[in-house]
Amino acid sequence: MRIVFAGTPEPAVPSLRRLIASTRHEVIAVVTRPDAVAGRGRKVTRSPVGLLADEHGIPVLTPRRPSEPEFIEQLTALAPDCCPVVAYGALLPQQVLDIPRFGWINLHFSLLPAWRGAAPVQAAINAGDEITGAATFLIEAGLDTGPVFGTVTEKIDVTDTAGVLLDRLADSGARLLETTLDGVEDGTLQAVPQSTDGVSHAPKVTADAAHIRWDQPALAISRRIRAVTPAPGAWTEIDGQRLKLGPAEMVEEDLPAWTIEVRKSGVYVGTATTALRLNQVQPQGKRMMAALDWARGARLQPGAVFE
């Protein structure tokens, strides 16, 4: 098939790379979000998907909105058979959905209808799910409501961060997406409507939602930290300064909630249940470091608390 691939961040790259290498499908163009300012240098940067397309000499379309008449004209002229999508980052109007004859097929990182929305991997970890996966489905007007072509499952390890789990799903999902396109082209694969049971939603995780409250149970805090690692990143405050947190380890220690205790064996924080031992932290304006090194440098007083 002649395909136009739509995607933006790093998790979409394995799918695009696999489709470029495919002997059955031809990537005739890529649609990605416009170049944006990123990094400490605040330089205008191409998206990971755009960079890969550039490397292979594939035309790149970067509409600010998919509803722009110029983009609709460009896509119509390309006349793709199908448009696979992985984390593109913008809603597609019906006029655009109607252009490819096989429609737009989305790779979503959850087992639909669970965790529809922008942050399914983060939501699954935060909820304590033991199993998640990826699904391919036909995009329609509703948010992640279209009929499903296929799924793959993935066990969630107790130490998985959202970044680690998403890397695995991006790889297994890329294989699923290619297989789905093969089946759609052959006419051997039919999409099945999603169940009306088990529907859940996963909105984008904001920085405010990544603010850790130490009066919650240790297990809930541990899951929340892993769910927002690496982005937007869990954080707390001390003396008015923000401190970013890496994954923490639950320990059988009793400390008052919010209280910090520094020992030779590590930095411990009290919660509503058992304590958590911090591993890596990042003070404002600095790099990630061992929590014990930070605590010694900060010269925390006995009874110090997070805010």
Side-chain angles (χ1 to χ4, degrees), residues 9-11 36-43 45 118-119 121-128 156-167 202-307:
E10 193 64 38
V37 174
R40 290 190 176 184
R42 308 306 292 165
K43 293 182 179 179
T45 306
V121 174
Q122 294 91 328
I125 292 176
N126 191 59
I156 301 178
D157 190 82
V158 293
T159 61
D160 275 340
T161 63
V164 169
L165 179 56
L166 188 53
D167 283 347
K204 182 179 179 180
V205 180
T206 65
D208 285 345
H211 184 190
I212 298 303
R213 294 195 55 83
W214 300 98
D215 53 359
Q216 295 181 342
L219 181 58
I221 295 173
S222 174
R223 287 173 178 167
R224 173 54 60 95
I225 294 173
R226 291 189 294 110
V228 298
T229 300
W235 59 279
T236 187
E237 286 187 327
I238 184 167
D239 296 332
Q241 295 291 307
R242 185 173 291 198
L243 185 72
K244 193 171 181 180
L245 306 167
E249 178 184 355
M250 290 189 295
V251 293
E252 293 297 328
E253 297 280 351
D254 290 324
L255 288 175
W258 304 89
T259 301
I260 309 165
E261 189 169 296
V262 182
R263 307 175 190 170
K264 290 182 179 179
S265 57
V267 179
Y268 300 80
V269 188
T271 75
T273 53
T274 59
L276 286 169
R277 180 165 55 209
L278 303 183
N279 292 317
Q280 298 280 315
V281 300
Q282 184 177 4
Q284 241 174 274
K286 298 184 179 180
R287 296 183 180 276
M288 272 284 183
M289 63 177 67
L292 199 52
D293 291 341
W294 162 77
R296 287 168 177 163
R299 297 181 180 179
L300 300 180
Q301 298 299 312
V305 296
F306 283 130
E307 300 162 5

Enquirer: If you round to the nearest 0.5 Å, how far is OG1 of Thr236 from CZ of Arg242?
Expert: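 Between Arg242 CZ and Thr236 OG1, I get 10.0 Å after rounding to 0.5 Å.
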Enquirer: Identify the two heavy atoms, one from Thr229 and one from Thr161, that lie closest to each other, and give their separation to 0.1 Å.
Expert: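 Taking every non-hydrogen atom into account, O-CB, 3.6 Å.
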Enquirer: Using side-chain heavy atoms (C-beta onward) and a distance below 4.5 Å, is Ile260 in contact with Ile238?
Expert: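 Yes, close enough: below the 4.5 Å cut-off.
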Enquirer: Please report the interatomic distance CH2(Trp235) to CG(Leu245), rounded to the nearest 0.5 Å.
Expert: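 Between atom CH2 of Trp235 and atom CG of Leu245 there are 10.0 Å.
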Enquirer: Just checking Arg213: does its CZ atom have more than 12 heavy atoms from other residues, nucleotides or ligands closer to it than 6.0 angstrom?
Expert: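 Counting neighbours around CZ of Arg213, 12 or fewer heavy atoms of other residues, nucleotides or ligands fall under 6.0 Å, so no.
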Enquirer: So, taking the atom named CZ in Arg277 and the one named CD in Glu249, what distance separates them when rounded to the nearest 0.5 Å?
Expert: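 Answer rounded to 0.5 Å: 4.0 Å.
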Enquirer: Using modelled atom types and a 3.5 Å cut-off, is there a donor and acceptor pairing between side-chain atoms of Thr45 and backbone atoms of Lys43?
Expert: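 Yes.
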Enquirer: For side chain to side chain donor-acceptor pair (under 3.5 Å), just list the numbers for Arg224 and Asn126, CA-CA rounded to whole Å, side-chain angles, deciding distance to a tenth of an Å, and then say yes or no.
Expert: CA-CA 5 Å; Arg224 173 54 60 95; Asn126 191 59; 2.9 Å; yes
Enquirer: Would you confirm whether Thr274, through its side chain, and Glu252, through its main-chain N or O, come within 3.5 Å as a donor-acceptor pair?
Expert: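 Checking the backbone N and O of Glu252 against the side chain of Thr274, no donor-acceptor pair under 3.5 Å is found.
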Enquirer: Output yes when a side-chain donor or acceptor of Glu307 lies under 3.5 Å from a complementary backbone atom of Gly240, and no otherwise.
Expert: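 Such a contact is found between Glu307 side chain and Gly240 backbone.
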Enquirer: Please name the pair of heavy atoms, one in Ser222 and one in Ala248, separated by the smallest distance, quoted to 0.1 Å.
Expert: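 Looks like OG-O, 3.7 Å.
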Enquirer: With rounding to the nearest 0.5 Å, note down the distance linking CD1 in Ile225 to CD1 in Ile125.
Expert: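 Between atom CD1 of Ile225 and atom CD1 of Ile125 there are 12.5 Å.
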Enquirer: Going by heavy atoms in the side chains, are Trp214 and Leu276 under 4.5 Å from each other?
Expert: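 Yes, close enough: below the 4.5 Å cut-off.
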Enquirer: Enter the distance from Phe306:CZ to Ile212:CD1 here, rounded to the nearest 0.5 Å.
Expert: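 The CZ atom of Phe306 sits 10.5 Å away from the CD1 atom of Ile212.
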Enquirer: Side-chain contact test, heavy atoms from C-beta onward, threshold under 4.5 Å: evaluate it for Leu300 versus Trp294 and give yes or no.
Expert: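 In short, these two side chains touch, coming nearer than 4.5 Å.
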Enquirer: To the nearest 0.5 Å, what is the distance between CG on Leu292 and CG on Asn279?
Expert: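 Separation between the atoms: 11.0 Å.
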Enquirer: State, with a plain yes or no, whether a side-chain heavy atom of Lys244 is found less than 4.5 Å away from one of Met288.
Expert: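 A side-chain contact under 4.5 Å exists here.
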Enquirer: Are the side chains of Pro232 and Thr206 in contact, using a 4.5 Å heavy-atom criterion?
Expert: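 Contact flag for Thr206/Pro232 side chains = no.
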Enquirer: Which atom names give the shortest non-hydrogen contact between Ala272 and Ala257, and what distance separates them?
Expert: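 Closest heavy-atom pair between Ala272 and Ala257: N-CB, 4.4 Å.
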Enquirer: Check Ala118 against Pro203 and note the closest heavy-atom contact, atom names and distance.
Expert: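 Taking every non-hydrogen atom into account, CB-C, 4.5 Å.
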Enquirer: Could you pull out the closest heavy-atom pair between Thr271 and Pro217, with the gap in Å?
Expert: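 Nearest heavy atoms, Thr271 then Pro217: OG1-C, 4.2 Å.
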Enquirer: Over all heavy atoms of both residues, which pair between Ala291 and Leu278 is shortest? Give the atoms and the distance, please.
Expert: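 Nearest pair, atom of Ala291 first, then Leu278: CB-O, 3.6 Å.
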Enquirer: Does a side chain donor of either Thr159 or Asp157 reach within less than 3.5 Å of an acceptor in the other side chain?
Expert: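 A pair is found: one side chain offers a donor N or O, the other an acceptor, under 3.5 Å apart.
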Enquirer: Find out whether Val228 and Gln122 are in side-chain contact, i.e. whether some heavy atom of one side chain is under 4.5 Å from a heavy atom of the other.
Expert: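 They are not in side-chain contact.
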